[in-house]
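Comments concern the structure below.
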Amino acid sequence: MQLPVIRPQVTETPALGAAYAAGMATGVWKGREAIAGHWKVDRRFEPQMSGDEATSIRARWKDAVGTLARLGKR
């Protein structure tokens, strides 16, 4: 995938999203634009390995999961 991961300052995003939705429904927030300014980045993680290495590791992981799934069906 080789994508950055952005961790927000508030990690309870499901609860925060529900609160924002309730606020929008009751008129506290006028729209997404009013909410967007409250979202802040805590940390950004960038890929540290090559795409080829990541693909190889992911393939081995998928093989291991498949093996365990087959063993579980016995």
Side-chain angles (χ1 to χ4, degrees):
M1 291 177 167
Q2 295 302 101
L3 299 171
V5 174
I6 300 171
R7 181 174 64 198
Q9 285 182 349
V10 177
T11 57
E12 290 295 332
T13 53
L16 186 59
Y20 284 152
M24 286 177 62
T26 59
V28 173
W29 304 104
K30 301 302 179 204
R32 291 182 181 178
E33 298 79 23
I35 297 168
H38 293 270
W39 193 89
K40 304 285 185 225
V41 173
D42 176 48
R43 189 167 174 196
R44 182 181 174 101
F45 300 90
E46 297 290 339
Q48 299 295 309
M49 66 177 67
S50 72
D52 289 342
E53 185 179 1
T55 299
S56 174
I57 290 170
R58 193 175 309 109
R60 291 191 340 253
W61 175 81
K62 285 182 179 181
D63 287 345
V65 169
T67 298
L68 290 173
R70 287 188 297 280
L71 288 173
K73 291 181 181 180
R74 289 185 179 179

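Hydrogens, waters and symmetry mates are skipped; everything else that's a heavy atom, side chains included, is used.
Contact check for Ile6 versus Arg43: no side-chain heavy atoms found under the 4.5 Å cut-off. Considering only heavy atoms from C-beta on, Phe45 stays 4.5 Å or farther from Pro4 through its side chain.
Note: Tyr20 and Trp29 have perpendicular aromatic rings, judged against thresholds of 30 and 60 degrees for the angle between ring planes.
Trp39 is not connected to Val28 by any chain of hydrophobic side-chain contacts under 4.5 Å among Ile, Leu, Val, Met, Phe, Trp and Tyr, and they are in different clusters.
The two residues Ala54 and Gln2 make their nearest non-hydrogen contact at CB-OE1, 3.5 Å. Here the closest non-hydrogen pair linking Met24 and Gly31 is CE-CA, 4.0 Å.
Within the structure, side-chain hydrogen bond (donor to acceptor under 3.5 Å, both in side chains) contacts touching residues 4-14 (residues at least two apart or in different chains) are Arg7-Asp42. Under the salt bridge (charged side-chain N to carboxylate O under 4.0 Å, His left out) criterion, no residue pair touches residues 24-34, with sequence neighbours excluded. Residue pairs satisfying the salt bridge (charged side-chain N to carboxylate O under 4.0 Å, His left out) criterion with at least one member in residues 44-55, sequence neighbours excluded, are listed as follows: Arg44-Glu46.
Note that CG of Asp63 is 11.0 Å distant from CG of Leu68, once rounded to the nearest 0.5 Å.
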In sequence, state the C-alpha distance, the side-chain angles, and the governing distance for Ile57 and Met49, and then conclude on side-chain contact (heavy atoms from CB on, under 4.5 Å). CA-CA 11 Å; Ile57 290 170; Met49 66 177 67; 3.9 Å; yes
